[in-house]
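Here is the structure we will look at.
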Amino acid sequence: MSLSSIALIAGNGVYPETFVSAARKAGVKKLVAAGFIDETRPDLERQVDAMAWFRVGQLSKMIKFFHKEGIKHAVMVGQIAPKNLFDLRPDLRTLMMLAKLKKRNAESLFGAIGDELKKEEIELLPATTFLEDFMPGPGLVAGPDPKQRRWEDAQYGFEIAKASSKLDIGQTVVVKKGTVLAVEAFEGTNECIKRGGALGKGGCTMVKVSKPNQDMRFDVPVIGPDTISNAAAAGVDVIAVEADKTLILDQPEVFRRCAELKVSLLGMGEKKGE
């Protein structure tokens, strides 16, 4: 993909910086960022050509910034904490957008933002643009190769997570010995890990998947170093992600922590990984 300029709608974590590095390598000349107060890392400002700060819900102001910078393509990189999605300080345009929504979840909100950008002739690109190398295939990705029983737990968890995500409940589950201990909901992945780990008291498996017909422009499953550490602290020593649809950010550090903390990271598909 050849693009001369892209705007980042930048959430939290290392995702925005990872995208900047990959986009620069791909030859993108101009990168600008819309950052969010109490979400986006301030360091990002030094890595892009222009940056403006907003509160979640200031859609008109963000679009004006993009027009000022001559932006025709944008990408959503990094999460916005769920609590902030429900603590909006909306401008008039956002209020009108929200009034049309029958459901208020991440998918409907981000999809509506994509529609508003399209009205302004700004195309929202897939969140995985330039990041194909960060999505592992099926099989053992990092850490020790688990026993057969744990692969079976991972496959069972994969099926449960797919069913849960189809119902728009959550994309992460924690299982142990064929029993579902926790299903992610509004609290987010890390809290789901803690809850499931506490119930399982060690030897637990966490599975994270994409939604059926996942809109790759936003809400793509992501694993980073903190996920590995949080899982190990909670007694989760196997993490399974959907192969070819999950971003592994800061891979060297993820692999190092998997080895150090003895956490197995697996790529799973519709059939059991070998």
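This chain uses plain numbering: 1 for the first residue, then up along the sequence. As the structure is a prediction and not an experimental result, all values here were calculated from the model.
- Here the closest heavy-atom approach between residue Leu181 and residue Cys204 is recorded as CD1-SG, 3.8 Å.
- Side-chain contact between Asp168 and Lys211: present, with at least one pair of heavy atoms (C-beta onward) separated by less than 4.5 Å.
- Transitive grouping of hydrophobic side chains (ILVMFWY, heavy atoms separated by less than 4.5 Å) keeps Val220 and Ile239 in distinct clusters.
- Take Glu253 and apply the salt bridge (Lys or Arg N to Asp or Glu O under 4.0 Å) test, not counting sequence neighbours, and it matches Arg256, Arg257.
- Under the 4.5 Å side-chain criterion, counting only non-hydrogen atoms from C-beta, Lys208 is not in contact with Glu242.
- Residues that satisfy the side chain to side chain contact (heavy atoms under 4.5 Å, CB included) test with Pro146, not counting sequence neighbours, are Leu140, Arg150, Trp151, Val238, Ser264, Leu266.
- The neighbour count for Met216 CE, taken as heavy atoms of other residues, nucleotides or ligands under 6.0 Å away, is above 12.
- A donor-acceptor contact shorter than 3.5 Å links the side chain of Lys30 to the backbone of Glu69.
- A distance-only check finds a donor-acceptor pair linking the side chain of Asp153 to the backbone of Gly178 [under 3.5 Å].
- The closest side-chain heavy-atom distance from Val207 to Met268 is not below 4.5 Å.
- Residue Ile71 comes nearest to Ala7 through the heavy atom pair CG2-CB, 3.6 Å, listed as atom of the first residue, atom of the second, then distance.
- Under a 3.5 Å cut-off, the side chain of Thr40 and the backbone N or O of Ala10 do form a donor-acceptor pair.
- In the hydrophobic cluster analysis, where Ile, Leu, Val, Met, Phe, Trp and Tyr join through side-chain heavy atoms closer than 4.5 angstrom, Met62 is grouped together with Phe218.
- The hydrophobic cluster containing Phe255 also contains Ile228, counting ILVMFWY residues as joined when their side-chain heavy atoms lie under 4.5 angstrom apart, directly or transitively.
- The salt bridge (Lys or Arg N to Asp or Glu O under 4.0 Å) test applied to Glu132 returns no partner, not counting sequence neighbours.
- With values rounded to the nearest 0.5 angstrom, Ile6 atom CD1 is found 8.0 Å from His73 atom NE2.
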Checklist line | Stepwise side chain to side chain contact (heavy atoms under 4.5 Å, CB included) check, Met51 with Trp53 | finding: CA-CA 7 Å; Met51 186 165 182; Trp53 291 88; 3.4 Å; yes
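- Annotation: salt bridge (Lys or Arg N to Asp or Glu O under 4.0 Å) contacts of Asp244 (sequence neighbours excluded): none.
- Gln251 contributes atom CD, which lies 8.0 Å from atom CG of Leu249 (distance to the nearest 0.5 angstrom).
- A distance of 13.0 Å separates CZ in Phe130 from NZ in Lys25, rounded to the nearest 0.5 Å.
- In this structure, the side chain of Glu39 does not engage the main chain of Gly11 through any donor-acceptor pair within 3.5 Å.
- Here Met76 contributes atom CE and Asp215 contributes atom CG; the two are 9.5 Å apart, rounded to the nearest 0.5 Å.
- At least one donor-acceptor pair under 3.5 Å links the side chain of Thr18 to the backbone N or O of Val14.
- Separation of atoms OG1 (Thr94) and CZ (Arg55) is listed at 14.0 Å; rounding is to 0.5 Å.
- A donor-acceptor pair under 3.5 Å is absent between the side-chain atoms of Glu191 and the main chain of Gly188, judged by distance alone.
- The side-chain heavy atoms of Glu184 and Val174, taken from C-beta on, include no pair separated by under 4.5 Å.
- A heavy-atom distance below 4.5 Å is found between the side chains of Thr129 and Pro126.
- Side-chain atoms of Leu124 and Val75, non-hydrogen and from C-beta on, never get closer than 4.5 Å to each other.
- Applying the salt bridge (charged side-chain N to carboxylate O under 4.0 Å, His left out) rule to pairs touching residues 91-101 yields Arg93-Glu116, Arg93-Glu120, sequence neighbours excluded.
- For Leu131 against Ala22, the heavy-atom pair with the smallest separation is CD2-CB, 3.7 Å.
- For Asp250 (side chain) and Gly224 (main-chain N/O), no donor-acceptor pair under 3.5 Å exists by modelled atom type.
- Under the 4.5 Å side-chain criterion, counting only non-hydrogen atoms from C-beta, Asp49 is not in contact with Lys29.
- Transitive grouping of hydrophobic side chains (ILVMFWY, heavy atoms separated by less than 4.5 Å) brings Met206 and Val141 into a common cluster.
- Expressed to the nearest 0.5 Å, how far CG of Leu199 lies from OG1 of Thr179 amounts to 11.0 Å.
- Nearest heavy atoms, Ala243 versus Gly267: CB-C, 4.2 Å.
- Both Phe54 and Val56 belong to a common hydrophobic cluster when Ile, Leu, Val, Met, Phe, Trp and Tyr are linked at side-chain heavy-atom distances under 4.5 angstrom.
- For Lys68, the salt bridge (Lys or Arg N to Asp or Glu O under 4.0 Å) test picks out no residue, with sequence neighbours left out.
- Looking at Thr246, its side chain never comes within 3.5 Å of a backbone N or O of Val241 through a donor-acceptor pair.
- Using a 4.5 Å cut-off on side-chain heavy atoms (C-beta onward), Phe110 and Ile9 make no contact.
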